[in-house]
Amino acid sequence: MSMTVMYGRDALRRLREQQEAPAAEPKPQLSLLEQVPPDAPMDEGLTLGCWNGERFVSWDKWRAAEPLK
């Protein structure tokens with residue numbers, strides 16, 4: 001909102017319309033768990049797994065494939 005000084009009824013009406021207009025709220029992002037499809041594939045015999053963006057893989061496979069950052 002700019003801080004220009006305006007006088008008069010029209011300026012006051014425009015200011016009130018701006019203040020009453022609902023602010024556009026940003027769309028909330030899904031949590032990581034909500035991004036995983038319910039029928040996501042997973043490795044057999046998985047005890048501890050990680051989501052790689054496509055499927056659940058074992059921790060060791062994920063750790064070996066993931067680049068160091």
Side-chain angles (χ1 to χ4, degrees):
M1 184 184 283
S2 64
M3 295 299 295
T4 58
V5 180
M6 295 184 282
Y7 298 99
R9 290 183 183 172
D10 290 334
L12 182 59
R13 179 184 50 76
R14 285 192 302 268
L15 176 65
R16 288 184 178 159
E17 287 174 355
Q18 287 177 354
Q19 290 174 342
E20 291 175 359
E25 295 182 19
K27 190 175 183 180
Q29 291 185 344
L30 296 175
S31 71
L32 292 177
L33 187 58
E34 291 172 328
Q35 294 176 16
V36 177
D39 58 347
M42 61 177 13
D43 291 349
E44 286 293 322
L46 190 63
T47 303
L48 177 61
C50 298
W51 178 251
N52 69 2
E54 297 175 5
R55 64 181 293 124
F56 284 101
V57 295
S58 70
W59 169 256
D60 293 331
K61 284 184 184 178
W62 179 82
R63 194 173 63 181
E66 202 54 30
L68 295 176
K69 295 179 183 179

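The figures here come from the full heavy-atom set of this structure, side chains too, leaving out hydrogens, waters and symmetry mates. Just so it is clear, the model here is predicted, and its values are computed rather than measured.
- Considering only heavy atoms from C-beta on, R13 comes within 4.5 Å of D10 through its side chain.
- For R55 against P41, the heavy-atom pair with the smallest separation is CB-O, 3.4 Å.
- Once rounded to the nearest 0.5 Å, the distance linking CD of Q18 with CD of E20 reads 11.0 Å.
- At most 12 heavy atoms of other shown residues, nucleotides or ligands fall within 6.0 angstrom of atom CD in Q29.
- Annotation: E17, atom CD; neighbour count of heavy atoms from other residues, nucleotides and ligands within 6.0 Å is above 12.
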